[in-house]
There are 2 protein chains.
Amino acid sequence: MVARSRRSLGLQHAEPARVTLQDALHALADPVRRQILRALDGEPDFSRACGTFDLPVSKATASHHFAVLRAAGLLEQLDQGPRRLNRLRRAEFDARFPGLLALVLAEPAGDPVSDG
Amino acid sequence: MVARSRRSLGLQHAEPARVTLQDALHALADPVRRQILRALDGEPDFSRACGTFDLPVSKATASHHFAVLRAAGLLEQLDQGPRRLNRLRRAEFDARFPGLLALVLAEPAGDPVSDG
DNA sequence: CCTCCTGTTCGATCGCTATCGTACAGTGGT
DNA sequence: ACCACTGTACGATAGCGATCGAACAGGAGG
């Protein structure tokens with residue numbers, strides 16, 4: 001239990017090499033999480049904070065989803081002031097599970113809830 | 001509801017082209033189902049009946065898992081007498097979600113429950 | 001210092017699904 | 001006809017996880 005100031009330099013990021021297929025598939029099996037990944041695709045690294053995603057869930061739920069994605073080695077987060085910037089760990093995750101992320105990113109939005 | 005004799009020529013098989021990524025990922029997110037797919041890998045088509053898999057679940061649960069896999073376009077089943085022979089729909093599924101099945105089949109067993 | 005903003009944590013709820021035992025339905029052999 | 005075998009259908013249960021509101025914790029700015 002290293003206390004730090006709760007947020008400082010880095011967060012607990014799962015090494016993609018240690019992520020199990022179970023964890024990866026579980027993380028990707030949720031439509032909201034895939035939506036996050038898709039939104040992150042094509043954007044510059046660390047250009048989007050958690051709050052900038054138009055998600056069909058509450059703030060608390062979104063926070064949960066970000067944590068799952070981080071634990072699955074799918075994204076890296078960086079604290080910048082009060083906000084937490086995200087980066088899609090494309091290369092790392094693709095090295096661990098080749099082609100898997102590509103399938104998710106290629107999927108059409110298909111989520112009528114959030115798009116309206 | 002065409003009655004037939006409940007089993008005759010074919011079963012309701014999902015066209016892999018119509019399977020959503022959601023369904024595919026959901027189907028693959030279960031370790032027992034992945035175990036089935038892995039066991040089916042490397043075996044000749046339609047050489048294994050449902051009962052020949054050494055699964056860590058009951059007959060009823062296994063039947064459920066086979067149904068999910070069939071619905072996800074991951075396997076094709078063929079009735080031969082009292083038993084239902086299975087075939088991994090490798091090519092079809094790979095055409096729909098390239099590389100996804102390969103990841104599952106490449107995964108180590110890692111399920112200490114069934115192997116003993 | 002206080003206030004606003006961002007994100008996490010907590011506790012509770014709700015729904016889905018994996019699980020099981022049992023009963024049922026075909027098929028094949030005797 | 002009967003029985004053994006294989007798999008499904010059904011009803012019930014349990015546990016996990018997605019969800020929420022509210023409270024909390026830092027940082028930025030006035």
Side-chain angles (χ1 to χ4, degrees), chain A residues 1 3-13 22-36 46-72 75-87 111 113-114, chain B residues 1-13 22-23 25-36 46-72 75-87 111 113-114:
Chain A
M1 286 271 202
R4 288 201 196 87
S5 48
R6 171 173 157 263
R7 306 180 179 182
S8 37
L9 21 146
L11 292 129
Q12 291 304 69
H13 284 103
Q22 174 66 55
D23 290 341
L25 291 174
H26 170 240
L28 294 176
D30 185 282
V32 176
R33 291 197 279 266
R34 289 199 305 277
Q35 180 180 345
I36 293 174
F46 301 119
S47 62
R48 306 220 21 197
C50 296
T52 69
F53 297 82
D54 201 21
L55 302 175
V57 293
S58 74
K59 201 171 47 161
T61 302
S63 185
H64 162 66
H65 285 310
F66 278 103
V68 172
L69 288 172
R70 189 174 9 120
L75 53 84
E76 185 186 353
Q77 295 183 317
L78 188 67
D79 287 340
Q80 189 192 48
R83 69 198 69 180
R84 190 160 278 189
L85 302 177
N86 297 277
R87 171 193 155 247
D111 222 293
V113 185
S114 66
Chain B
M1 285 281 197
V2 198
R4 290 202 195 85
S5 47
R6 173 171 154 264
R7 304 181 182 179
S8 36
L9 22 148
L11 294 129
Q12 291 305 70
H13 284 103
Q22 174 65 57
D23 290 340
L25 291 174
H26 169 242
L28 294 176
D30 186 282
V32 176
R33 290 196 279 265
R34 289 199 305 278
Q35 180 180 345
I36 293 174
F46 302 119
S47 63
R48 306 223 19 199
C50 297
T52 68
F53 296 82
D54 202 19
L55 301 174
V57 293
S58 75
K59 199 170 49 161
T61 302
S63 185
H64 161 67
H65 285 310
F66 278 103
V68 172
L69 288 172
R70 193 178 9 133
L75 54 83
E76 185 185 353
Q77 295 183 317
L78 189 67
D79 287 340
Q80 190 194 48
R83 67 197 71 176
R84 189 160 277 189
L85 302 178
N86 297 278
R87 172 193 154 246
D111 222 293
V113 185
S114 67

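FYI, side chains are in, hydrogens and waters are out, and symmetry mates aren't considered; it's all heavy atoms of this structure. Not measured: the values here are computed from a predicted model.
- As rounded to whole Å, 17 Å separates atom C1' of D:dA18 from atom CG of B:Leu25.
- Between the CG atom of A:Asp79 and the C1' atom of D:dG26 there is a distance of 10 Å, rounded to whole Å.
- Between the P atom of D:dA18 and the CG atom of A:Leu28 lies a distance of 12 Å, rounded to the nearest Å.
- For B:Pro82, whose side chain is taken as the heavy atoms from C-beta onward, the closest listed nucleotide among D:dC20, C:dT27, C:dT19 is C:dT27.
- The interatomic distance linking A:Arg48 (CZ) with C:dG7 (C1') rounds to 16 Å, in whole Å.
- Of the candidate nucleotides C:dG7, D:dC20, C:dT17, C:dT17 has the atom lying nearest to any side-chain atom of B:His64.
- Looking only at side-chain heavy atoms (C-beta outward), A:Arg70 and A:His13 come within less than 4.5 Å of each other.
- Residue B:Ser63 places its side chain closer to D:dT8 than to any other of D:dT19, D:dC20, D:dT8.
- A heavy-atom distance below 4.5 Å is found between the side chains of A:Leu25 and B:Arg34.
- Residue A:Ala62 is out of contact with every strand shown, counting any heavy-atom pair closer than 4.0 Å.
- Comparing B:His26 and A:Ala67, the nucleotide of DNA chain C nearest to each residue sits closer to the 5' end for A:Ala67.
- Rounded to an integer number of Å, the gap from B:Leu85 CG to C:dT27 P is 14 Å.
- Here C:dG7 presents its P atom at 12 Å from CZ of A:Arg70, a figure rounded to the nearest Å.
- For A:Arg33, a side-chain nitrogen or oxygen approaches OP1 or OP2 of D:dA18 to under 4.0 Å.
- Dashed line: the shortest gap from a side-chain N or O of B:Thr61 to OP1 or OP2 of C:dC20 is under 4.0 Å.
- Side-chain contact between B:His65 and B:Thr61: present, with at least one pair of heavy atoms (C-beta onward) separated by less than 4.5 Å.
- Between D:dA18, D:dG7, D:dA23, one nucleotide has an atom nearer to the side chain of A:Lys59 than all others, and that is D:dA23.
- We find that CD1 of B:Ile36 is positioned 12 Å from P of D:dG7, with the value rounded to whole Å.
- Contact annotation: B:Arg83 side-chain N/O to D:dC5 OP1/OP2 distance is not under 4.0 Å.
- Straight-line distance from the CG atom of B:Leu69 to the P atom of D:dT8: 12 Å, rounded to whole Å.
- Nearest-nucleotide positions on DNA chain D for B:Phe66 and A:Val68 put B:Phe66 closer to the 5' end.
- Contact of the A:Cys50 side chain with the A:Asn86 side chain is registered, since non-hydrogen atoms from C-beta on lie closer than 4.5 Å.
- In this structure, a donor-acceptor pair under 3.5 Å is absent between the side chains of A:Arg87 and A:Gln77.
- Both B:His65 and A:Ala60 lie near DNA chain C, and the one whose nearest nucleotide falls closer to the 5' end is A:Ala60.
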